[in-house]
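For reference, the structure discussed in these notes is given below.
In this chain, residues are counted from 1 in sequence order.
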Amino acid sequence: MIVPPPALLADLAALLGPAGYSDDPAVVAPWLTDWRGRYHGTTAALLSPASTDQVAAVVRLANAYRVPLVAQGGNSSTVGGATPPADGSALLLSLRRMARPPVIDTGDAAATVDAGVILSDLHDAAAAHGLRFPLSLAARGSATIGGLVSTNAGGIQVLRFGTMRALVLGLEAVLPDGTIFHGLSSLRKDNRGYDLRQLLTGAEGTLGIVTAATLRLVPAIGTRAVAWAAVPDPQSALRLLRRLDGALGDAVESFELIPAAGLDLVLHHIPATRAPIAIAAPWNVLIEATAPHGAPDPADALASALQSALEDGLILDATIAASETHAEALWKLRETLPEAERLDGFAVKHDIAVPVSAMPDFIVDTTRAIEAAHSGARVLAFGHLGDGNVHFNVRAPAGTDSAAWSAAHGPAVSRDVHDRVMAVGGTISAEHGIGQAKLAEFARTADPVRLATLRAIKTALDPLNLFNPGKLVPLAPARTGP
């Protein structure tokens, strides 16, 4: 293990005090392993500043001693993006103490939020003012705003509102030299050259440490309609989405594609779940349509559109939630699918995106090709059909050691999947980021001009490679010493 200089650790302990500095292994240990349990790091200390000024002071000290920092929020990264290197060369910088109550501006329909605020707490704060923050995901009870900004998180409402990038109005961040970018603003228009908030959004902590954000809010939901529909194939699902677009317009917020195998996993592993309809269909879609207070309830329009689709053979059966409890039960089937898959064993996971029009054929054709090329492999493809994001996961053959199979066959499987993604103009990272898990594949598949530009930006802003080294930017490996 590479230990940062004792003098630096002493300075940091004095700066942050007992509440902000810990080298107790029991305190630090929970934050050294990624959410999926694939990456394990080591660090000499966990730093937990309570203010932006303290973050800046930490960065200046680390810069002076040439010691890397790995920023971390809720540690819910699925690509090892917030895990420190195994050699102990970096210090772990937690933003979780920076979690003052969000400041809601109803006039601007905006919230100013500290980096350590939990997503569900922002939802609650906005709701208290008749507003909402229109980004949600399964990890909303642990994911923090700083991490969501830094990974440009997506989720279930991207179809209507876009990713985190579309919701960030302004940012405050500490840069690698310890200076503070004071960019908190609710401006909708600002044409002063390069957009630094967009540069920092999705940078995975490699260019700056996000300490606060000003985020766009929208009117609270007045009414919503949630439906589950059985469809014969992904192509029919896309045709259904386009029909709903015509019937309900932008009221459709979520349109999730779920295969029979995914539903079966949830019903098997997740307590208190039940099949939503009697028919066992090969594919299913979960639909949510909403309307603000005072607007017509979308339920009637959704029911009419589904009835028309049923009569035309576009769907096999459908149900519309009769209550909020019923609606939440339907959503539970989708939101617990990753957990159910994890409980079932290891899988080779791919968070990819393709053009929406190509998604149905991509799923069918790539499933067939991967299962043929890797004998016994079982593809589980699900995701956000409306924005082209597919979670294309490949499970081990039934009855085998899933961890061993994934370790042995995972690289070849991922290479095959990613080659097919790139062939249809897609991306190997839709919403989870690159982190360290996809670094090599990003280097292999990316346009050389894109890579060169990323490296140039990283070198310009972080010439010492001290911010989250070995993540996001290929060929910028973690340091081997202080």
Side-chain angles (χ1 to χ4, degrees), residues 34 36-39 78-80 230-237 256-270 280-284 334 336-354 358-385 388-430 432 434-445:
D34 76 303
R36 286 180 173 163
R38 295 181 300 170
Y39 299 98
T78 62
V79 291
V231 294
D233 49 52
Q235 291 84 353
S236 297
E256 300 291 304
L257 182 67
I258 304 166
L263 177 59
D264 290 344
L265 282 179
V266 172
L267 298 179
H268 179 71
H269 289 288
I270 306 300
W283 291 90
N284 306 273
R334 168 60 182 91
T336 58
L337 179 48
E339 179 185 352
E341 185 182 38
R342 183 170 61 166
L343 291 172
D344 199 63
F346 282 83
V348 185
K349 297 179 181 291
H350 309 94
D351 162 49
I352 56 92
V354 298
M359 184 171 168
D361 288 344
F362 174 86
I363 289 174
V364 172
D365 295 343
T366 304
T367 294
R368 185 182 300 119
I370 294 299
E371 291 183 344
H374 304 275
S375 181
R378 298 168 296 161
V379 170
L380 182 64
F382 62 94
H384 322 298
L385 180 56
N389 182 188
V390 189
H391 299 290
F392 194 94
N393 301 337
V394 184
R395 296 185 293 153
T400 64
D401 183 328
S402 63
W405 186 90
S406 298
H409 298 274
V413 169
S414 292
R415 188 180 187 94
D416 289 351
V417 171
H418 291 157
D419 284 347
R420 289 179 172 274
V421 169
M422 301 307 293
V424 296
T427 171
I428 69 169
S429 180
H432 292 165
I434 297 297
Q436 57 186 299
K438 297 185 178 182
L439 201 63
E441 278 294 271
F442 188 29
R444 184 181 72 84
T445 60

Nearest heavy-atom pair of H432 and V79: which atoms, and what distance?
-> O-CG2, 3.4 Å

Above 12 or not: heavy atoms from other molecules or residues under 6.0 Å from OH of Y39?
-> yes

When rounded to the nearest 0.5 angstrom, what distance separates CZ in F382 from CG in N393?
-> 5.0 Å

Where do I352 and F392 come nearest, in terms of heavy atoms and distance?
-> CG1-CB, 4.3 Å

How are the rings of H384 and H391 set to each other: parallel, tilted or perpendicular (split at 30° and 60°)?
-> perpendicular

Could you check D416 against H374 for side chain to side chain donor-acceptor pair (under 3.5 Å), going step by step and ending with a plain yes or no?
-> CA-CA 10 Å; D416 289 351; H374 304 275; 2.8 Å; yes

Test salt bridge (charged side-chain N to carboxylate O under 4.0 Å, His left out) applied to D233 - qualifying residues, sequence neighbours left out = none

Do you know the tightest heavy-atom contact between R38 and A437?
-> NH2-CB, 4.0 Å

For residues Q235 and V364, determine if any side-chain heavy atom of one lies less than 4.5 Å from a side-chain heavy atom of the other.
-> yes

Of L265, I270, L263, which meets side chain to side chain contact (heavy atoms under 4.5 Å, CB included) against L267?
-> L263

If you look at every heavy atom in V231 and A281, which pair is closest and at what distance?
-> O-CB, 4.2 Å

Would you check if the side chain of R36 reaches a backbone N or O of T78 as a donor-acceptor pair within less than 3.5 Å?
-> yes

Do E441 and R444 sit within salt-bridge range, that is, some charged N less than 4.0 Å from a carboxylate O?
-> yes

Positive for side chain to side chain donor-acceptor pair (under 3.5 Å) with S414, one of K349, H350, H409, K438 | H350

So how far is it from L343 CG to E341 CD, rounded to the nearest 0.5 Å?
-> 10.5 Å

